[in-house]
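Read through the structure below, which is laid out as structure tokens, and then see the notes.
Just so it is clear, the values below take in all heavy atoms, side chains as well, and ignore hydrogens, waters and symmetry mates. Here is how names work: the chains are called A, B, and so on, in the same order as the sequence lines, proteins then strands, and each is numbered from 1.
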Amino acid sequence: MKIACVIPAWNEAKNIAKVIADVRPYVQETIVVDDCSSDDTAALAGAAGAVVLRHPINRGQGAALQTGNDYALAQGAEIIVHFDGDDQFRATEIPAMTAPIADDRADIVFGSRFLGRQTNFPPLKRYLIMPLAKLFNRVFLGIQLSDPQCGFRAFNRRAATATKIMNREWAHNSEIQSNAFRAGLRIMELPVTVVYHRFGLPLSAGFQVIKDLLIHKIIK
Amino acid sequence: MPLLQQAVALIIIICFLFRAAVQKKKNEISATEFRLWLAFWLLAALAVIFLKRIDQMLQALGFSLSGISFLFYLGVIALFYLVFRLRLSLAKLDRQLTEIARQIALQHKK
């Protein structure tokens, strides 16, 4: 099966070559979507053997992932993996994430940082931001998953088409999950390892996500 | 509202009406936009001229606020609505911009 890995990247010159080298043994095509980085991310990704798609202006992670999905689908990928460019996930877990799709047991597999694997979550994130995000997803979007914001996921073609990302920034995580439930896809969650090198999104980004989801609903 | 204040308000409204007419003449605004501004400023002029009538009407309806307060609240509500509309149209533009950026990226694969 043709597996493509989409890696959104913005100013990831420090990590991108290592991430690509880690990922390549497990996929047939590595697609880096450079979201108008001001550093050498695009050049380093190309040199490391990835296909590089470059946004002419910075549009956010959601937009970069959708660009990667469109390209992967056009190239005939049968499984698409989303993987972060900051070296926080373990590429060795890609086969476990794609196996349920290859075996036709699931259409979409979400990674979860709350199912027992080792993570070095900052306490504020673990005990305040994530529970609030999970509650919001459950109450307002009907999402029954243990991790509301994990960027490590795998799709088959049907799932990638049914979960088209319209939210260009951080609301895409909730949007993908919500669309997957709404489209009646076979959903699976698997534990993934996360090693944080920085705090990531602050609490204020959570409010931005809620605002983006609301505006997206209105202008749909 | 004393007569002098009403006169000043009317002069200001006439200035804005004149400005809208000039902009229309220079084709800086469309006919529809001009009609919208014309209606807005004429309504404002009527509200200033018949302010006492608005007072009476509000009292008859059981409101304790004055006509000028009513107009002020109405203006604030209108502004909120306009800002909301502006936010939505910006979001639409933003989405179109994203789509263009994505298409350019797909067409210029490296």
Parallel, tilted or perpendicular: rings of Phe140(A) and Phe136(A) (30°, 60°): tilted

Aromatic plane relationship, Phe83(A) with Phe152(A) - under 30° parallel, 30 to 60° tilted, over 60° perpendicular: perpendicular

Note: Glu93(A)-Arg90(A) ion pair, threshold 4.0 Å (strictly below): no

Side-chain H-bond candidate by donor/acceptor type, Asn15(A) with Asp86(A), under 3.5 Å: no

Between Asp94(B), Ile100(B), Ile104(B), the one whose heavy-atom pairs under 4.5 Å with chain A are most numerous: Asp94(B)

Partner chain B: residue of Ala63(A), Gly46(A), Ala45(A), Ala64(A) with the largest heavy-atom pair count (under 4.5 Å): Ala63(A)

Between Val33(A), Ile57(A), Asp70(A), the one whose heavy-atom pairs under 4.5 Å with chain B are most numerous: Asp70(A)

